[in-house]
Amino acid sequence: MTNHRNFKFQLVFFYFYANFENFKNQILYQKMAKFLTDREENYAQWYNDLVIKADLAENSAVRGCMVIKPYGYAIWENIQAELDKMFKATGHVNAYFPLFIPKSFFSREAAHVEGFAKECAVVTHYRLKNSENGTGIVVDPDAKLDEELIIRPTSETIIWNSYRNWIQSYRDLPILINQWANVVRWEMRTRLFLRTAEFLWQEGHTAHATREEAVEETMKMINVYTEFAEKYMALPVIRGYKTDNEKFAGAIDTYSIEALMQDGKALQAGTSHFLGQNFAKAFDVQFTDRNGKLDYVWATSWGLSTRMIGALIMAHSDNKGLVLPPKLAPLQTVIIPIFKNAEQLGKITELALRLKSELEKAGIKVKYDDRDNNTPGWKFSNYEFKGVPVRIAIGPRDLENSTAEIARRDTLTKETISVASVTGRVIKLLEEIQGNIYNKALQFMKENTYYPDKWSDFVDIIENRGGFVMAHWDGTSETELKIKEETKATIRCIPFDSGEEEGKCIFSGKPSKRRVLFARAY
RNA sequence: CGGGGUGUAGCGCAGUUGGUUAGCGUACCUGCUUUGGGAGCAGGUGGUCGUCAGUUCGAGUCUGACCACCCCGACCA
C-alpha cells in the first residue's frame with residue numbers, strides 16, 4: 001500500500017518535473033494567444049490583430065479610410081524607394097497630376113466610366129459658411145461648382161488631357177511618366193491595407209508611337225513588378241493576362257501578377273495595362289509619324305499600391321507576429337542589453353554602440369534598445385511581433401566571454417557567436433532570411449497549386465483546400481461567370497508561362513488549349 | 001447596399017428585474033525589489049457609459065433615431 005502510494009507520488013512528481021518546461025511554455029503561449037489570434041483559428045482576425053498590434057495602421061474617423069502609422073509607412077517608404085529606382089532605371093520620370101478630375105473627362109471613354117462610376121467621390125461645392133441658426137457649419141449653396149469634380153480613382157483621363165498638349169510628333173514620344181499619389185475608390189466593405197476607400201499607389205502612364213512599343217512597355221513593367229515582388233517582397237508570383245471580365249476598364253489587355261496567401265486565397269499584387277489607342281481617341285491625342293502621317297498615340301498604364309503591405313503580412317507572418325523580408329524591413333537588426341545594474345548596462349552599452357556603428361557602416365538598419373522600463377523578455381517578444389529579422393542580445397555572460405546571442409525571426413533559432421564575427425554573421429543572416437522566406441513562400445505556392453481535370457475535384461479544392469487551381473477553360477465569359485457563381489473562384493490570370501496543353505474545359509467539357517489560373521481572391 | 005453582432009478608462013471586459021460615489025484585468029505614473037523569453041509588491045492618475053432625443057422621482061441599464069466598428073453576402077486593386 002505504502003509502496004503503491006510512493007510509486008504514484010513519484011510518477012506524479014516525475015510527470016510534473018518532466019513537463020515543467022512545457023507548462024511554462026503553455027502559460028506563455030496562452031498569454032500570447034490572447035495577444036494575437038491564432039492564424040489557424042481565424043485568419044481574418046489574425047490579420048486584423050497583426051496590423052493593429054504591430055502598429056502598422058489603424059482605422060480613422062473617416063469610414064473606410066486608414067491611418068498608416070510610422071512603422072507601416074516606413075515599409076511603404078522602402079517599397080517606394082526600391083520601385084522608384086527600378087522605374088528610373090527603365091527610363092521613367094516622376095510627375096504629379098491633380099487630385100480632381102472634371103466629371104466630363106470621365107465620360108469620354110465609355111468602358112472607363114462604366115468601370116468606375118459606382119465608386120467615385122464627387123466634389124460639388126467649394127465653400128462652407130456658418131449655419132443660419134448658429135449651430136455649426138454648412139455647405140454654402142451659393143458655392144456650387146458649375147462642373148462637379150471627381151476625386152481620382154485613377155488618373156488616365158486627367159493625364160491624357162494633358163498629353164494632348166504635349167504631343168505633336170513622333171519626336172515627342174515616348175512619354176514615360178510615373179506618379180506617386182493617393183486615389184479614392186468608394187468601397188462598401190473595407191479592410192486595412194487590402195481594401196480601403198483611399199489608398200496610396202504609384203501609377204505609370206506612358207505614350208508611344210507604335211502598338212509594338214506600347215505592348216513591350218506593358219510587358220516590361222509587369223516584369224519589373226515581378227522582379228520587385230520576388231526579390232524584395234520575397235513573394236513568388238504568377239504573371240499572366242486578365243480575362244475580359246477581369247481586365248481594367250478601358251484597357252485592351254491587362255497583365256497582372258498573382259500571389260498566394262497563407263489561407264489559400266489569391267491576391268493581385270500589381271497590374272499593367274495595354275490601353276491601345278482608347279484614351280488617345282477619347283482625348284484626341286494625335287501625332288505625326290516619320291512619314292508625315294497622323295495617327296493616335298498608343299498608351300499603357302501600370303500600378304502597385306499599399307495593398308502590397310497586406311500581401312507582405314499575409315504571405316510570411318506567423319502566430320508570433322510579423323515576418324518581414326530584410327530588404328523591406330524598417331528595422332533589420334535590434335540590439336537588446338541584459339543587465340542587473342547601471343554599471344553592467346554601461347559596459348554593455350559601450351559594446352552595443354560599437355557593434356551598432358559597425359553594422360551601420362555595413363548599411364544595416366539597426367537600433368539599440370536600452371530602455372529600462374521593459375524586461376529583455378518583453379523586448380524579445382515585441383520585436384518578434386514586429387518582424388525584425390535579426391536580434392542581438394548582450395548580457396553579463398557575453399561580456400565575460402566576448403560573445404553575443406544572435407536570433408533570427410524566420411526560424412526563431414538562436415546562436416551564440418564571438419563579438420568579432422557579429423557584423424559578418426548579420427550580413428549573411430539577412431541574406432539567408434530573405435532567401436529562406438522566399439523559398440518557404442515558393443514551396444507553399446507549389447504545394448497548394450492543383451491541376452484538376454474533373455469538375456468535382458475542382459469544387460472540392462476550391463471549397464475545402466483553397467490555393468491556386470490550374471484548370472482547362474473553354475475561353476468564354478459565360479463559363480467563367482458560371483464558375484464564379486457556383487464556387488466564388490475567378491480566373492486570376494491566363495499565365496504567360498503555363499504552356500499549351502490539349503484538354504477539355506473543366507466546366508463545359510469543350511476543347512481547351514491551355515490551363516488558366518483559378519482561385520478565390522482578395 | 002442587404003443579413004447578423006458589438007459599442008462602458010489607451011486596450012480587453014463585468015455591471016442582476018432601472019436605485020448610493022460605475023467596477024475588474026492590463027497599460028500608464030511614483031517608489032522599492034528585479035532583468036538570459038511577455039517580472040513582483042505597494043501606492044496613484046485616468047470615464048460627459050458611441051451620439052442625440054424620449055420615458056421616469058431616478059437611465060450604463062428601458063424606447064427610438066443616428067453614427068462607428070467587426071463578421072457574412074453583392075462590388076473592387
Side-chain angles (χ1 to χ4, degrees), chain A residues 21 24-25 27-37 42-45 47-49 52-53 58-66 115-120 153-154 183-203 242 245-249 254 256-259 266-273 302-311 320-321 336-342 344-345 348 370-385 391 393-399 403-405 407 412 414 416 484-485 488 490 492 521-522:
Chain A
E21 284 302 310
K24 258 173 66 185
N25 287 340
I27 290 159
L28 195 66
Y29 181 76
Q30 277 161 10
K31 268 187 165 173
M32 281 163 41
K34 264 188 201 165
F35 192 64
L36 174 65
T37 305
N42 185 339
Y43 194 84
Q45 193 58 47
Y47 174 83
N48 290 337
D49 282 5
I52 300 289
K53 289 174 179 167
E58 64 186 24
N59 284 304
S60 71
V62 184
R63 182 199 191 99
C65 294
M66 65 178 160
F116 286 107
K118 282 174 288 182
E119 51 188 29
C120 285
T154 179
V183 286
V184 169
R185 297 181 187 175
W186 212 260
E187 300 291 346
M188 285 306 151
R189 225 183 118 197
T190 60
R191 287 189 69 190
L192 293 170
F193 289 118
L194 297 175
R195 191 187 298 110
T196 47
E198 180 191 14
F199 58 90
L200 305 183
W201 76 347
Q202 57 68 217
E203 46 181 327
K242 284 292 189 186
N245 284 324
E246 297 280 332
K247 77 183 184 190
F248 174 71
T254 292
S256 77
I257 52 174
E258 302 286 330
L267 187 140
Q268 181 174 306
T271 53
S272 182
H273 315 292
W302 26 274
L304 185 148
S305 75
T306 39
R307 192 181 218 206
M308 275 307 231
I309 297 173
K320 284 190 178 279
I336 296 170
I338 297 156
F339 56 96
K340 291 200 198 305
N341 52 52
Q344 250 177 19
L345 177 61
I348 291 168
D370 62 348
R371 288 176 299 174
D372 62 357
N373 56 337
N374 292 113
T375 61
W378 187 91
K379 290 175 188 172
F380 291 175
S381 303
N382 193 246
Y383 287 108
E384 270 164 18
F385 196 78
R391 178 184 74 228
I394 304 169
R397 282 206 304 267
D398 296 306
L399 278 187
T403 56
E405 183 192 78
L412 295 166
K414 293 191 273 201
T416 299
K484 184 180 177 184
E485 216 171 281
K488 289 178 220 149
T490 50
R492 300 320 303 152
Y522 276 100

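We use all heavy atoms of the structure for the numbers below, so side chains are in, but hydrogens, waters and symmetry mates are not. Note on naming: letters A, B, ... go to the chains in the order of the sequence lines (proteins, then strands), and numbering restarts at 1 for each one.
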With sugar-phosphate taken as primed atoms, P, OP1 and OP2 and all else as base, the protein-contact string of nucleotides 70-77 of chain B at under 4.0 Å (heavy atoms; B, S, -) is SSBBBBBB
Whole-angstrom distance between B:rA59 and B:rG54, as gauged at atom C1'
11 Å
Tell me if the CH2 atom of A:W201 is crowded by more than 12 foreign heavy atoms within 6.0 Å.
yes
Sugar-phosphate, base or nothing in reach of A:R391, heavy atoms under 4.0 Å
base
Considering non-hydrogen atoms only, spot the tightest contact between A:E198 and A:T196 and give its length.
O-OG1, 2.8 Å
Assess whether a salt bridge exists between A:E405 and A:R397, defined as any Lys/Arg side-chain N lying under 4.0 Å from an Asp/Glu carboxylate O.
no
Rounded distance in Å between the C1' positions of B:rU30 and B:rG46:
15 Å
Anything under 3.5 Å between a protein N or O and an N or O of nucleotides 27-36 of chain B, put it in a table, one pair a line.
unit_1 : atom_1 : unit_2 : atom_2 : d
B:rU35 : N1     : A:F339 : O      : 3.4
B:rU35 : O4     : A:K340 : O      : 3.4
B:rG36 : O6     : A:G395 : O      : 3.2
B:rG36 : O6     : A:P396 : N      : 3.1
B:rG36 : O6     : A:R397 : N      : 2.5
B:rG36 : O6     : A:D398 : N      : 3.1
B:rG36 : N1     : A:D398 : OD2    : 2.6
B:rG36 : N2     : A:D398 : OD2    : 3.1

Please state the P separation for the pair B:rC72 and B:rG18 - nearest whole angstrom.
36 Å
Please name all residues satisfying side chain to side chain contact (heavy atoms under 4.5 Å, CB included) with A:T271, sequence neighbours left out, ordered by chain then number.
A:T254, A:S256, A:Q268, A:H273
For RNA chain B, what dot-bracket results from Watson-Crick or G-U pairs at under 3.5 Å, with [ ] for crossers and | for inter-strand partners?
(((((((..((((.....[...)))).((((((.....)))))).....(((((..]....))))))))))))....
From A:T490 OG1 over to A:N245 CG, what is the distance, rounded to the nearest 0.5 angstrom?
10.0 Å
Interatomic distance, A:W378 CH2 vs B:rG40 P [rounded to whole Å]:
15 Å
At 4.0 Å (heavy atoms only), tell me whether A:G64 reaches a base, stays on the sugar-phosphate, or touches nothing.
sugar-phosphate
Backbone N/O of A:G321 and side chain of A:K53: donor-acceptor pair under 3.5 Å:
no
Tell me yes or no: between the side chains of A:D49 and A:T37, is some donor less than 3.5 Å from an acceptor?
yes
Send over the distance from A:K320 NZ to B:rG38 C1', rounded to a whole Å.
10 Å
Roughly how far apart, to the nearest Å, are B:rG47 and B:rA74 at atom P?
45 Å
If I pick the P atom on B:rC49 and the same atom on B:rA9, what distance separates them, to the nearest angstrom?
10 Å
A:S60 to A:C65 - nearest heavy-atom pair and separation
OG-O, 2.6 Å
Atom C1', compared across B:rA68 and B:rU8: separation rounded to whole Å:
16 Å
P gap between B:rU21 and B:rC28, integer Å:
32 Å
Of A:R391, A:K320, A:K379, which is the lone residue that meets side chain to side chain donor-acceptor pair (under 3.5 Å) with A:E384?
A:R391
Backbone N/O of A:E119 and side chain of A:R185: donor-acceptor pair under 3.5 Å
no
From CG (A:L194) to OG1 (A:T306), nearest 0.5 Å:
9.5 Å
Base, backbone or nothing for each nucleotide of nucleotides 5-14 of chain B, written B, S, -, heavy atoms under 4.0 angstrom, 5' to 3'?
----------
Considering residues at least two apart in sequence or located in another chain, which fulfil the side chain to side chain contact (heavy atoms under 4.5 Å, CB included) criterion with A:D398?
A:I394, A:T403, A:T416
Do A:R307's NZ or CZ and the ring of A:F199 fall within the cation-pi criteria of under 6.0 Å and 45°?
no
As an exercise, state the distance from CZ of A:F193 to OH of A:Y522, rounded to the nearest 0.5 Å.
15.0 Å
When rounded to the nearest Å, what value does the distance between C1' atoms of B:rC71 and B:rG15 take?
26 Å
